[in-house]
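All remarks here apply to the structure that follows.
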Amino acid sequence: MLVERTIEKDILASLFHGKVIIIFGARQTGKTTLLKSISNKVSQEFLWLSGDDVNVRQELGKHSISHLKAMIGRYKLVFIDEAQQINNIGLSLKIIVDHLPDVQVIATGSSSFDLANALNEPLTGRKFVYHLFPLSYEELVRYNGLIDEKGLLERRLVFGTYPEIALSAGFEEQLLYLLSGSYLYKDLFMLEKMKKPHLLEKLVQALALQIGSEVSFNEIAQLIGADIKTVERYIELLEKAFIVFRLGALSRNLRNEIKKSRKIYFYDNGIRNAVLGSFASMNARTDSGALWENYFISERLKYLKNQMQIKNTFFWRTHNQQEIDYIEERNAQFDAYEIKWNPLKKSSLPSTFSKAYPNHKYFIVNPDNFQEFLLKSE
């Protein structure tokens, strides 16, 4: 039994609307499995192409209308897996959209940077884009049931939710070490600009130690022996490869608000812990609060993406140390979240924030109530 991915129904609803469908995601998040699931639910015959195949790369790299027509033949549905491996794939897809309007293409890319750069200009107005993350809490609840999945919370905090890891009890550490090694960074290492891969690994370790804390690029540069521009570039690449993401500081109304700071989180707790070689249980850890914060914020971002809700996301802090862990904003409505691993620990919204942003809601998130914010209400 496969885990049903939330975005699948949206992709099926987007078929044959005159757009290329692009699915971005990190390696091993289940993109190929998702394509196969979609192929089993459509009635059309389909052509399956993989960018791992050198012949496919050569043929799809020929930007000729007649050649692409001949290659696709009678098929009206074309799957292109690992499309980031194909040179100038955006131009080929543009030709198909413009000259074969009855053909639907669904393409996946294991990271966004090369594929996005090749797609943005050729496919302006011609694509639907979806993001596939490690398994979300909602997806795992559908698979395991609410009670069982809630009981697995501490396992998720330590080992994360990459599909193979989440569904392979007893093999988590071995699988995570394999995934968090060079395989996860394969696309980054292939870039000509990635001249110092050892610095990338040092950088990821430094970021793993700072989840939940504000990150200074200057301090990290000194720590790993690199210049600030290299640190900024590598963090940008890690973001585009869906390994980490950043939260900026909310700063609009108050003079003493932190303005240019940022926090960096991992999309998956298991990857973060594997980078540090730290798989101790939650009751034996000193970083349980940081892990809980990373888990909830990453799961909340998955939820927003999967439900196609567009919100601005921040943290908030002032120079006199008032702070809020996580904030969502849309249309000047602010939802402030204080994230507590200990359900008995009390918290209150800083009056400075409530006065500066009167149109707000305040939530305390803990292991007793977190599912309220990660499951779609019917």
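Index from 1, following the sequence. Just so it is clear, the structure is predicted and the values come from calculations on it, not from any experiment.
- When the shell of 6.0 Å around NZ of K259 is examined, it contains more than 12 heavy atoms from other residues, nucleotides or ligands.
- Considering only residues two or more places apart in sequence or on other chains, D287 meets the salt bridge (Lys or Arg N to Asp or Glu O under 4.0 Å) condition with R272, R285.
- Looking only at distances, a side-chain donor or acceptor of H360 sits under 3.5 Å from a matching main-chain atom of Y357.
- The shortest distance between side-chain heavy atoms of L60 and L68 falls below 4.5 Å.
- Checked options I324, I364, V365; the residue passing with S347 is I364 (criterion: side-chain contact (heavy atoms from CB on, under 4.5 Å)).
- There is no side-chain donor-acceptor pair under 3.5 Å between D53 and S50.
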### Message
Show, in sequence, the C-alpha distance, side-chain angles and deciding distance for N87 and R57, and conclude whether the side chain to side chain contact (heavy atoms under 4.5 Å, CB included) test is met.
### Response
CA-CA 7 Å; N87 190 39; R57 293 200 297 270; over 6 Å; no
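- To the nearest 0.5 angstrom, K127 atom NZ is 9.5 Å from K19 atom NZ.
- With no hydrogens or angles considered, no side-chain donor-acceptor pair links S278 and N273 at under 3.5 Å.
- Salt-bridge formation is not detected for the pair E232/K229: no Lys NZ or Arg NE/NH1/NH2 atom is positioned less than 4.0 Å from an Asp or Glu carboxylate oxygen.
- Not a single donor-acceptor pair under 3.5 Å links the side chain of S168 to the backbone N or O of F171.
- Annotation: Y137 is not in aromatic contact with Y295 [ring centroid separation under 6.0 Å not met].
- Residue L152 is tested with K150, E149, E154 for a side-chain contact (heavy atoms from CB on, under 4.5 Å); the sole match is E149.
- Distance alone, capped at 3.5 Å, places no donor-acceptor pair between the N306 side chain and the T6 backbone.
- In this structure, the side chain of R5 does not engage the main chain of E139 through any donor-acceptor pair within 3.5 Å.
- Linking ILVMFWY side-chain heavy atoms closer than 4.5 Å, directly or via other members, places I258 and L247 in two distinct hydrophobic clusters.
- Judged by distance alone, the side chains of E172 and Q174 never bring a donor and an acceptor atom under 3.5 Å apart.
- Relative orientation of the Y326 and F296 rings is perpendicular, given thresholds of 30° and 60° on the angle between their planes.
- Linking Ile, Leu, Val, Met, Phe, Trp and Tyr whenever their side-chain heavy atoms come within less than 4.5 Å leaves I310 and Y130 in two separate clusters.
- Using a 4.5 Å cut-off on side-chain heavy atoms (C-beta onward), P367 and L153 make contact.
- Side-chain N or O atoms of H17 include one that pairs as donor or acceptor with a backbone N or O of L15 at under 3.5 Å.
- Between D98 and R126 the shortest side-chain heavy-atom distance falls below 4.5 Å.
- Residue pairs meeting the salt bridge (Lys or Arg N to Asp or Glu O under 4.0 Å) criterion with at least one partner in residues 304-316, sequence neighbours excluded, are K311-E328, K311-D335.
- The aromatic ring centres of F46 and F79 sit less than 6.0 Å apart.
- Between E8 and K41 a salt bridge is recorded (basic side-chain N to carboxylate O distance below 4.0 Å).
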### Query
Going through the distances and angles, do N218 and S216 end up as a side chain to side chain donor-acceptor pair (under 3.5 Å)?
CA-CA 5 Å; N218 185 55; S216 165; 5.1 Å; no
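- Taking the six-membered ring for Trp and thresholds of 30 and 60 degrees, Y337 and F373 have ring planes more than 60 degrees apart, a perpendicular arrangement.
- With sequence neighbours excluded, no residue forms a salt bridge (Lys or Arg N to Asp or Glu O under 4.0 Å) with D52.
- Looking at heavy atoms from C-beta onward, R156 lies in side-chain contact with L140 at the 4.5 angstrom threshold.
- Taking the side chain as every heavy atom from C-beta outward, F334 and R252 approach each other to under 4.5 Å.
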Quiz: residues 205-212 side-chain donor-acceptor pairs under 3.5 angstrom, not counting sequence neighbours:
none

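- Under the 3.5 Å distance criterion, the side-chain polar atoms of N366 are matched with a main-chain donor or acceptor of N369.
- Cluster membership for L34 and L2, using ILVMFWY side-chain heavy atoms within less than 4.5 angstrom, is not shared.
- The ring pair (Phe, Tyr, Trp, His ring centres under 6.0 Å) check on F314 picks up nothing, with sequence neighbours excluded.
- A salt bridge does not link E138 to K302: none of the charged side-chain nitrogens sits closer than 4.0 Å to a carboxylate oxygen.
- Aromatic ring orientation, W292 versus F370: perpendicular (interplanar angle above 60°, classes split at 30° and 60°).
- Taking every heavy atom of both residues into account, Q104 and F16 meet most closely at OE1-N, 2.6 Å.
- V54 and I86 fall into different hydrophobic clusters, where Ile, Leu, Val, Met, Phe, Trp and Tyr residues are linked whenever their side-chain heavy atoms come under 4.5 Å apart, directly or through other members.
- A salt bridge (Lys or Arg N to Asp or Glu O under 4.0 Å) with R246 holds for exactly one of E239, E214, E236; it is E239.
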### Query
Taking it one step at a time, do V42 and Q44 satisfy side chain to side chain contact (heavy atoms under 4.5 Å, CB included)?
CA-CA 6 Å; V42 295; Q44 293 90 351; 3.5 Å; yes
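- The backbone N or O of D10 sits less than 3.5 Å from a side-chain atom of S14, completing a donor-acceptor pair.
- Not a single ring pair (Phe, Tyr, Trp, His ring centres under 6.0 Å) links F266 to another residue, sequence neighbours left out.
- A single hydrophobic cluster is not seen to contain both L344 and F363; linkage of ILVMFWY side chains at heavy-atom distances under 4.5 Å, directly or through other members, places them apart.
- Using a 4.5 Å cut-off on side-chain heavy atoms (C-beta onward), Q371 and V141 make no contact.
- Taking each heavy atom of D268 and P134 in turn, the nearest pair found is OD1-CB, 4.0 Å.
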### Task
Could you give me the CA-CA distance, side-chain angles and deciding distance for Y362 and S354, then say whether side chain to side chain donor-acceptor pair (under 3.5 Å) is met?
CA-CA 9 Å; Y362 179 59; S354 60; over 6 Å; no
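- Screening Y162, F242, F133 for a side-chain contact (heavy atoms from CB on, under 4.5 Å) with T29, the sole residue that qualifies is Y162.
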### Query
Run the side chain to side chain contact (heavy atoms under 4.5 Å, CB included) check on I106 and I23 step by step: do they pass?
CA-CA 8 Å; I106 306 178; I23 305 171; 3.9 Å; yes
